[in-house]
Amino acid sequence: MQSGGRSFRGLIPASRLSATTMIIVVALCAFTLIIGYLNKARCALAPFDTDGRSTAFNAIKDTSVCYSDIQFLWIGRDIDQHVFPYLTGAITQGGELTGGTVEYPVLSGLLMWLGAIPAHTDAEFLLYSALILAPFGLLTAWMLGRLAGRAALLWSAGPPLVLYAFHNWELPVVATAVGAVFVMSMRIPLRTRGMIAAVLLAVGFCLKLYPGAFVLPLAAYVAYGTTRSPSKRNRLDIRGGLAVLGAATATVVAINLPFAILGYDGWRASFAFQTLRQADITTNSIWYWGLRQFYIRPIQGSTAMSPDDYAAAEASFQNAVDILSPLLVFVAFGLALWLGMRRAKTEHVYPWIAVSGSMLCGFLLLHKVHSPQYTLWILPFFVLLRVPWALVAAYLVADLSMGIGVFKYFGALAHGADASTAKFFVEVGVWGRAALLVVFFFLFARARLRCSDISTELLTDHAPEQSSPASTPS
């Protein structure tokens, strides 16, 4: 597609797109995925106990930085028993999941169940899960390569893919988010591609929730259209925007309804678990490392501190986070959408990718859980949006400090060793990422696409519903 005479690289014919670039992007991604798997497999060595747990896992998972949630969750969620998820599950009053329910939306639970079918040990579960996940990582590399060319090497060869590709089940959800962008670059009618992209984002919601937020800016993008003449500037395609919202809603309902009907308690338990989760040392958030100090430090300095005082302070802190975290996440979402609206008023195209990136920054910063593997969520936005490479590099350094330091920290605490150095790197990671997320929130909101020199000036005179090479994603 074109805007102001400049082409969107995602739609450059294959003959014009460097075949060498695409081969390098995908091949390096495959190599990085292999390295990522081998890194995690260091924790999955024989011998195995009666539950199929590798004896190496508990011994070296933290100190050797090979821990993965995939291997960890082999035990404790009935995955090792090959129980179909959610249908017979529930959650206890103490917040413990039972009966095959896992703490993720239903499609992630299905992927976990599929990976466990042929497995009898946590090592086999890790291997089969990696085989399921890897194609999504390769597909993401291919789509980013088509959209952004060499910039996609950040995805394919960056440290986050080594650390987190098989840490949890993130690769499928990232593929849905990038897939939505890719679909919006296709030469088909705007409403049609908007609805297809909405379906992909809804599938992502049923994997890990966060892509669902991107439906709102996508609907605004379709409502504004991409090709407005001066006479049509004040016309919004409201039906197109509602069609996007409707497609996303229908997809989420269609995927979740069978589970809600056949096993309501187990289905609901996955959401209840996340609601009940506390901002503790495992969440790596600004809430634990920042706000909590204002509740705990005053009583730590008291000579009369009792366990009850500590428990009361901890409870007050958790109650505050339960209110502040979701409230501020929604405020950040609203601010991002408003900043997009300001751009749309002057550029006459709603910058849905930019706004989606800002919304994700707000979520990562303010949600009470900021797991290390969430870096994979934001990585495609570094590829797609024009932000300074130096800041991207700084974020990756902070992420390395967190991604390695946090497990060294847990290992030191578990062995009663000096944890001060590891704690320093954790704090560098927490506050480094937090500061940069604030910066990226505003940089994303006004960023152009890195994948082309797309302008957001008034486009040529075509109706939004028409398929035209003059329309382009923003």
No-hydrogen, no-angle side-chain donor-acceptor test under 3.5 Å, Tyr86 and Asn256: no
Between Asp237 and Tyr224, a side-chain donor and acceptor under 3.5 Å: no
Give a yes or no answer on whether the side chain of [X] reaches the backbone of [Y] with a donor-acceptor pair at less than 3.5 Å.
{"X": "Ser270", "Y": "Gly266", "value": "no"}
{"X": "Gln318", "Y": "Ala279", "value": "yes"}
{"X": "Arg450", "Y": "Leu384", "value": "no"}
{"X": "Thr101", "Y": "Leu97", "value": "no"}
{"X": "Tyr350", "Y": "Leu337", "value": "yes"}
{"X": "Trp155", "Y": "Trp142", "value": "no"}
{"X": "Ser68", "Y": "His167", "value": "no"}
{"X": "Ser129", "Y": "Phe125", "value": "yes"}

Output field: ring centroids Phe382/Phe440 closer than 6.0 Å: yes
Output field: ring centroids Phe381/Trp377 closer than 6.0 Å: no
Trp169 and Tyr104 aromatic ring geometry - parallel, tilted or perpendicular at 30°/60° bounds: tilted
Do you know the tightest heavy-atom contact between [X] and [Y]?
{"X": "Leu385", "Y": "Ala447", "value": "CB-CB, 4.1 Å"}
{"X": "His367", "Y": "Ser285", "value": "O-CB, 3.9 Å"}
{"X": "Ile188", "Y": "Ile196", "value": "CD1-CD1, 4.2 Å"}
{"X": "Cys29", "Y": "Leu161", "value": "SG-CD2, 3.9 Å"}
{"X": "Ile281", "Y": "Tyr288", "value": "N-CE1, 3.6 Å"}
{"X": "Leu33", "Y": "Ala165", "value": "CD2-CB, 3.7 Å"}

Contact list for residues 355-374, test salt bridge (Lys or Arg N to Asp or Glu O under 4.0 Å), sequence neighbours left out: Asp322-Lys368
Lys/Arg-Asp/Glu bridge criterion (N-O < 4.0 Å) met for Arg448, Glu347: yes
Lys/Arg N to Asp/Glu carboxylate O, Arg77 vs Glu103, below 4.0 Å: yes
